[in-house]
Amino acid sequence: MFASLAPASLPGPSGPTCGAPSDGAPSDGARTGGVWADGLDDAQAAVAAHGDGPLVVLAGAGTGKTRALVARVAHLLSRGVPPERVLLLTFTRRAAEEMLWRASQLAGLDGRRRPFGGTFHAVAHRIVSAHSEVLGLPKGFGVLTPGEGADLMEIMRADFELSGTRTRAPRSATLVEVYSRCVNTRRPLSDVLAGDYPWCRPHQEAVGELFRAYTARKRAQGLLDYDDLLLYWDALLGDPAVGRHLSEAYEHVLVDEYQDLNPLQAEIVCRLAPRGRGLTVVGDEAQAVYGFRGASARHLREAVLGFPGALALRLERNFRSRQQVLDVANALRPGEAAASVTLYADRGPGQRPLLVRCADAVAEARALVDNVLAAHEAGERLNDQAVLVRASHHSDLIELELSARGVPYRKYGGLRFLETAHVKDFIAAGRLLSNPHDELSWYRLLRLHDGVGPTRARRLVAHAMAATDALEDWPSMVASADPPVRGPLSSTLALLAQARTCAAPGPAAEALVATLAPLIALRYPGQPTRTKDLQRLAGSARTATDLRSWLAELALDPPESTGDLAGPPVLDEDYVVISTIHSAKGLEWGTVHVPHMVDGFMPIDMALGSAEGVEEEQRLLYVAVTRARDRLYLYTPLRMHYHRRALDDRHGFAPESRFLTDDVRRLFEVHETGRGPLGPGAVTTEPGHRVAVDLDHLWC
DNA sequence: GGTAACTGGGTTTTT
DNA sequence: CCCAGTTACC
């Protein structure tokens, strides 16, 4: 019951349109001026028809920016710009594909000649792959998933005195964060530690050495992590011999969600489009929610000011939401950004948003599901209703309540497919087929066997590293193992060696599943589901050209649920969507429910340490609110049953979210629901009034 | 020596 | 629910 932005939730040639962005089409007066301009309003048309100078589009939520961008691409194509000279960088790969597909349709191109586009990382992968030789990379380098990067960090941590418990040492997850932040913000380790991880500073030297070793090891094994992809792309662009050629390959570069760019990505863009020539950037400062990943809306502001002759256009007419929803959004819009874009509705006033006050989280779940079902009764498909949460576990009780009352739902975000143990095992095994010197994968695969713990795994890995091809020569590998583990090991390795002889990726992947299934059955609970997951995954390998590139694609664009692999969606399947607010970006629903409007949850306690943290939380709420077309529900439980006390003590919280100021609250209709903390029928009395209780009359 | 099984403490957001 | 530390077994 987990999922993420499934293809079904995006518009396209097929599938339901739930959660899909509305078209952003003006409701009045279609325009003339070429097929690309059909149905655009003036502001959108100006975006589409702009020439070659730098263009910055400040596009509020729901203002039809996708439509404008699609029209712009179509306009460029119809003007004679060859498709392959247009590059579109977006936040998700699906957004890119959808936009490029629509643009090619609009421009009347056949599907085979399409502009190039995708996420920064996906595009980086394509470009780095094409230039692996000059970068000194093996031809088929592997792409490390973030989880694998953390595993590698974890293994190496011990060697750098960072795993003891004498003093608090950074965990592998923290190390990965720090590493990534250094790369993406282009700041030295000392800076990042001092600014963002002060408690790690005593370990600075060890961390630095660990990072050096981590880099060296990746390089030695032909592995690139997400950060490396950007770093290598940037290096190519900065190279005197290749750089110019690479950036001149594109006449036009369009970048979506520019407020979420980090410094490394911003540098890449600058190198792709020197002085902003042929550059279009689209963004909304009020929707900047990736500060934790090193992103900064500074780049959007600098784009407006920094490129010579840049034209800034605003999209403020909102085609998605009713005015009363937008009133809330405008009230929540952080101060500085409020000056730049104020939304007004194209669709009339609509219903007043509802603020639902409940006793606690249990009552909240009950009230929320009541409202979901009431809306459903009134004709709103479950598909067109979403529960948007700050952190994945905030929906725990709601999920329970939905299940108990038989309401189907799908959860997006949260635990990711690629992070589940059995999928990691599968990927490790797959990697070994093409690279028998992949230490990390060996380690993972070996640990899967009964009787193989850290020590034996290490010894066996050492053997594999010393061998020319440990998979080819698996009998000697088995011979080097301790007697008790030889049996299971030899059967796995024999099967694996055999899997390698499969020429096509499909059969190879299936052979891998067959090899792993028994091991996984022994190791983890929930066997049938896990094997089915892997079989589905293997099924998707059939269309790939080779196993290695299939694995790299998988690392970059993972199916976020088994649902993604299940084939075309069933049309009448109707379910409520539960999503993190981050994953909900760019989507919309008729009805949006936002639970846990309590300080410590929204805003989340982790973010309260700094003013910037709180501001980002506010923008996140802004994003959540602007997902709603017609009905918006915010829920404030008055008591949270866990760790409220600790939070109160530390931060002196008000009971409800600090974002529900009087100005914001005024925009809502307030509902009290269920029993308050005082129980039903509680009476407020004059101070000093006492009720007499006769405890003795029975004993007279 | 090495691994498995048990127990207790902490849990954001994602390309 | 996942990770680290502890203890009990081979």
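Protein chains get the first letters and strands the later ones, always in sequence-line order, with residue 1 at the start of each. All values reported here derive from a predicted model rather than from experimental measurement.
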**Asked** Can you check whether A:F120 stacks with the B:dT15 base, using ring centres under 5.5 Å and planes within 30°?
**Response** no
Would you please confirm or rule out a distance under 4.0 Å between OP1 or OP2 of [N] and any side-chain N or O of [X]?
{"X": "A:R171", "N": "C:dA4", "result": "no"}
{"X": "A:T580", "N": "B:dT14", "result": "yes"}
{"X": "A:T455", "N": "B:dT3", "result": "yes"}
{"X": "A:R157", "N": "C:dA4", "result": "yes"}

**Request:** May I ask you to establish whether A:R293 and A:Y290 are in a cation-pi arrangement, using a distance under 6.0 Å from NZ or CZ to the six-membered ring centre and at most 45° from the ring axis?
**Result:** yes
Hey, does [X] reach any base, or is it just sugar-phosphate, or nothing, if we go heavy atoms under 4.0 Å?
{"X": "A:P484", "value": "nothing"}
{"X": "A:R390", "value": "base"}
{"X": "A:R447", "value": "nothing"}

For atom [atom1] of [X] and atom [atom2] of [N], their distance in whole Å:
{"X": "A:H393", "N": "B:dT12", "atom1": "NE2", "atom2": "P", "result": "8 Å"}
{"X": "A:K411", "N": "B:dT14", "atom1": "NZ", "atom2": "C1'", "result": "15 Å"}
{"X": "A:Y290", "N": "B:dT12", "atom1": "OH", "atom2": "C1'", "result": "12 Å"}
{"X": "A:R523", "N": "C:dC2", "atom1": "CZ", "atom2": "C1'", "result": "16 Å"}
{"X": "A:F292", "N": "B:dT13", "atom1": "CZ", "atom2": "C1'", "result": "4 Å"}
{"X": "A:Y443", "N": "B:dT3", "atom1": "OH", "atom2": "C1'", "result": "12 Å"}
{"X": "A:F91", "N": "B:dT13", "atom1": "CZ", "atom2": "P", "result": "14 Å"}
{"X": "A:H394", "N": "B:dT13", "atom1": "NE2", "atom2": "P", "result": "8 Å"}

**Asked** For A:E616 and A:R456, take the nucleotide of DNA chain B holding the closest heavy atom to each; which residue's nucleotide lies nearer the 5' end?
**Response** A:R456
**Prompt:** Which sits closer to the 5' end of DNA chain B, A:V452 or A:L556, going by the nucleotide each is nearest to?
**Reply:** A:V452
Would you indicate which nucleotide in [options] comes nearest to any side-chain atom of [X]?
{"X": "A:P454", "options": "B:dA4, B:dT3, B:dT14", "result": "B:dT3"}
{"X": "A:H582", "options": "B:dT14, B:dT3, B:dT15", "result": "B:dT14"}
{"X": "A:E154", "options": "B:dT15, C:dA4, B:dG2", "result": "C:dA4"}
{"X": "A:A391", "options": "B:dT3, B:dT12, B:dT14", "result": "B:dT12"}
{"X": "A:D450", "options": "B:dA4, B:dT12, B:dT14", "result": "B:dA4"}

Are [X] and [Y] close enough for a salt bridge, meaning some N to O gap below 4.0 Å?
{"X": "A:E285", "Y": "A:R619", "answer": "no"}
{"X": "A:R171", "Y": "A:E177", "answer": "no"}
{"X": "A:D605", "Y": "A:R390", "answer": "no"}

**Fill in**
For A:P595 and A:V389, the nearest pair of non-hydrogen atoms, with its separation, is CG-CG1, 3.8 Å
**Message:** Looking at every heavy atom in both A:L388 and A:A624, which two are closest together, and how far apart are they?
**Reply:**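 It is CD1-O, 3.9 Å.
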